[in-house]
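In what follows, chains are A, B, ... by sequence order, proteins preceding strands, each numbered from 1.
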2 protein chains.
Amino acid sequence: MLGIGSTLIIRFMGIRIEDVAQATHVSTATVSRALRNLPGVGPTTKKRILETAEALGYIPSPTAASLASGHTHSIGLVQPDMSRWFFGKILESAENTFRKAGYDALVYSLPDYLGPVRQRFNANVLRGKIDALVVLSLFFDPSEEEQLRSLKVPVVFVSVEQPGFNYVGINDEETAARACRHLITLGHKHIGHLSGQTNDKCPVAPTQRRRNGWHNTMQRFHLDSSDDLVEAVTIMTASNGYIATQRLLDRRPDITAILASSDEMAMGAIQAIKERGLRVGHDISVMGIDGHDLSPSFGLATMAQPVSQEGTKAAQLALASITNQTEPKTIVLPTTLVEGPSIGPAPTS
Amino acid sequence: MLGIGSTLIIRFMGIRIEDVAQATHVSTATVSRALRNLPGVGPTTKKRILETAEALGYIPSPTAASLASGHTHSIGLVQPDMSRWFFGKILESAENTFRKAGYDALVYSLPDYLGPVRQRFNANVLRGKIDALVVLSLFFDPSEEEQLRSLKVPVVFVSVEQPGFNYVGINDEETAARACRHLITLGHKHIGHLSGQTNDKCPVAPTQRRRNGWHNTMQRFHLDSSDDLVEAVTIMTASNGYIATQRLLDRRPDITAILASSDEMAMGAIQAIKERGLRVGHDISVMGIDGHDLSPSFGLATMAQPVSQEGTKAAQLALASITNQTEPKTIVLPTTLVEGPSIGPAPTS
DNA sequence: CTGAAAGCGCTTACAG
DNA sequence: CTGAAAGCGCTTACAG
């Protein structure tokens, strides 16, 4: 028995389509069609092939299939930093959607800032590896956009709108405006704003739009909207929000409310306010934007965006674009005001 | 001019190694060697090839290279949920390390719990796609372990130790013990413990080891370590910590300190304590484990683990194992006690 | 130091 | 409904 076995050529790499074909007495072409549910295979033949493949434990080589078909069955996800809540959340829901559809998630980190400028996007790292691409919170300049197009795969932008491409996000300006109106309704007149980096090169950045939402609302209500009510940071982390709040309160001790461009900044603001011996929600109200999972624990009021849904929608859009190349779509999802003890009526000084 | 151009056969897929070979008047074998810095190519020839490849903008087809060589140059990362801080943090540092080494990161989410049991690991999704695998915070049963080994690639486990495999993590029991001793030093005698899921099937789970650390320390100091001082949850989120703390304080109002098995649970505990009108750090002290980025904003004292370093080490170990198959290694990294206003001396009742 | 050729394991017109 | 064969674009013994 062993003698017979040992005379067989045992292939290290496992069962190939050829082995299934021989065992079923059909051609590899027919096996290939049967396994992929393509038309043109007799029901009896198909059943036999499927059973044999199953019995042999045949798994098609993804790499060979890719080379032959030109499709990789994986989707690229480019984003600044997986360890940040927003990106992790989007990635998770997108990955789940891709997985269900039989696609792999290839994640690339492209840090926002290394020193003064962002690292540039190089499409060659992705070339030939993906069927579609999702880009999170990154704005591409013309040369990067050209790189992107040279990949010849559909692209979906999330959070930052890139003209001419698919987009999934929220109405950032209106969201910030609504938060601002809410604070005004509570009687606040001196409302500071913690912003992310804004610059002329990216007027579509969410951080710029949120700042506009604050600014335009303050103006409409004839309230102070001068620049010294704004403190901007490069990356919207809690620790940066903490530092920015200290500067803001040093400069403008008359502030009774702060609208932060992100929940994480708002958390840092809460910390800074407490350390000054002021009461959050009484002396100074704090409102965030995002709907961070930890906001309830912070007692933070916020404008929540449907983050998971954004990831899912982006993934669905990417998948749909693989099969039917259509016009770029824009999907804008609604945000929700979430109350919390971090905000209260303006103190009657 | 256009006439000449249009008579050329324009290949949609781009420049192939064949094109570079023809332009350089050498064989594709030589081009292949030159481009990969293999020995046996004359310096002049090599220079010419490199320049021509550069000029033509040649990018080797990763899929063809994989099929021919048997190496994919990508690494799988299996973990429960990218949107959770710990996993995002590890993924980010691991991805950065892989990228620098020229490897892609293929991320798979395998949810811990869907209903009562975890979804099972199926190696076939990964078969033929990766050169190595990193598994985060997942414990594999014998059948899953067999699946894993059938992939024939090196595997590194992070956070949960899997006997017989590479491992990167911390000393969970000692870390919890140290936190516990610190609280005891502050005069606390009734110390509750917020735990993750523990069960007999996984005695090596960090959550079990942390619980042991608490338990053994309480015993050594002849303090109450009974089960009703422990509240366990399935997933260690802030909201689960919030609920668990309510139950814990209802049952044991004599508690003056809580050791949470994760910072996120500790954050939920802080929220629950505040809502009862008790003062965190005065009436009840709270200590976490992990070193979450948002802990400082919470004023949370914690045992910090070097999370990014764990990801980097795991990635390095995975990369090293690809080239030299060695004995499974175990890397244990140190944790650090971080003070914060969430802990204080036991109240003198 | 270099090349001709087989081979990696699939898919896809094309022909029947 | 099915098959023979070319082709995807590389790498790798093997031979010189």
Side-chain angles (χ1 to χ4, degrees), chain A residues 9-50 52-53 56-74 102 124 127-129 131 152, chain B residues 9-50 52-53 56-74 102 124 127-129 131 152:
Chain A
I9 298 168
I10 308 286
R11 301 201 55 80
F12 176 67
M13 287 307 288
I15 316 296
R16 302 151 309 154
I17 197 172
E18 183 70 43
D19 303 321
V20 181
Q22 283 178 7
T24 334
H25 305 295
V26 294
S27 69
T28 62
T30 301
V31 175
S32 178
R33 292 186 191 106
L35 259 32
R36 288 178 301 145
N37 263 315
L38 294 184
V41 183
T44 336
T45 321
K46 185 164 177 174
K47 184 159 177 292
R48 227 174 59 232
I49 293 172
L50 261 41
T52 313
L56 293 176
Y58 170 65
I59 302 292
S61 157
T63 207
S66 294
L67 180 58
S69 71
H71 301 120
T72 62
H73 272 259
S74 49
N124 289 339
R127 203 171 300 283
K129 295 179 182 172
D131 291 345
K152 308 280 184 201
Chain B
I9 296 168
I10 309 287
R11 301 199 54 79
F12 176 68
M13 288 307 289
I15 316 295
R16 301 152 309 156
I17 198 171
E18 183 69 43
D19 302 321
V20 180
Q22 283 179 7
T24 333
H25 304 295
V26 294
S27 71
T28 62
T30 302
V31 175
S32 179
R33 292 186 192 106
L35 258 33
R36 289 178 300 144
N37 263 314
L38 294 184
V41 184
T44 336
T45 321
K46 186 164 176 174
K47 186 159 178 287
R48 227 173 60 229
I49 293 172
L50 260 41
T52 313
L56 292 176
Y58 170 64
I59 303 291
S61 157
T63 206
S66 295
L67 179 58
S69 72
H71 302 122
T72 61
H73 271 261
S74 49
N124 288 339
R127 203 171 300 283
K129 294 179 183 172
D131 291 344
K152 307 282 185 200

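- Contact between the side-chain N/O atoms of T30(A) and the OP1/OP2 oxygens of dG3(D) is found at a separation under 4.0 Å.
- Distances were taken from every side-chain heavy atom of S61(A) (C-beta onward) to each of dC10(C), dA5(C), dC1(C); the shortest belongs to dC10(C).
- In this structure, the CD atom of E18(B) is 11 Å from the C1' atom of dC10(D), given to the nearest Å.
- Residue contacts shown for T63(B) are absent, as no nucleic acid heavy atom lies under 4.0 Å away.
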Item to complete: Please test N37(A) against K46(A) for side-chain contact (heavy atoms from CB on, under 4.5 Å), starting from the C-alpha separation and ending with a verdict.
Response: CA-CA 9 Å; N37(A) 263 315; K46(A) 185 164 177 174; 2.7 Å; yes
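- Listed for the S74(A) side chain is a donor-acceptor partner under 3.5 Å among the backbone atoms of K129(A).
- Taking atom CD1 of residue I17(B) and atom C1' of nucleotide dT12(D), one finds them 12 Å apart after rounding to whole Å.
- Judged by distance alone, the side chain of T28(B) and the main-chain N or O of A21(B) form no donor-acceptor pair under 3.5 Å.
- Contact record, A34(B) with L50(B): O-CD1, 3.9 Å, taken as the closest heavy-atom pair.
- One can place CG of D19(B) at 10 Å from C1' of dG9(D), the figure rounded to the nearest angstrom.
- Rounded to an integer number of Å, the gap from CG of L38(A) to C1' of dA13(C) is 13 Å.
- Two residues, G40(B) and S66(A), neighbour DNA chain C, and the one matched to the more 5' nucleotide by heavy-atom proximity is G40(B).
- Between the P atom of dT11(D) and the CG atom of L35(B) lies a distance of 8 Å, rounded to the nearest Å.
- Rounded to whole angstrom, the span from the CG atom of L67(B) across to the P atom of dA6(C) amounts to 17 Å.
- Along DNA chain C, the nucleotide nearest to A29(B) and the one nearest to A64(B) differ in position, and the one closer to the 5' end is contacted by A29(B).
- In this structure, the CZ atom of R36(A) is 17 Å from the P atom of dC1(D), given to the nearest Å.
- Rounded to a whole Å, the CZ atom of R33(B) is 13 Å from the P atom of dC14(D).
- The pairing partner recorded for dT2(D) is dA15(C), the criterion being a Watson-Crick or G-U wobble arrangement whose two distances lie under 3.5 angstrom.
- When distances run from any side-chain atom of T45(A) to the nucleotides dT2(D), dC10(D), dC8(D), the shortest one goes to dT2(D).
- Checked by atom type and distance alone, the side chain of T24(B) never pairs as donor or acceptor with a backbone atom of V26(B) at under 3.5 Å.
- Contact annotation for A65(A): backbone-only contact, meaning every heavy-atom pair under 4.0 Å involves sugar-phosphate atoms and none involves a base.
- When the nearest nucleotides of DNA chain D are assigned to Y58(B) and S27(A) by heavy-atom distance, the more 5′-ward of the two goes with S27(A).
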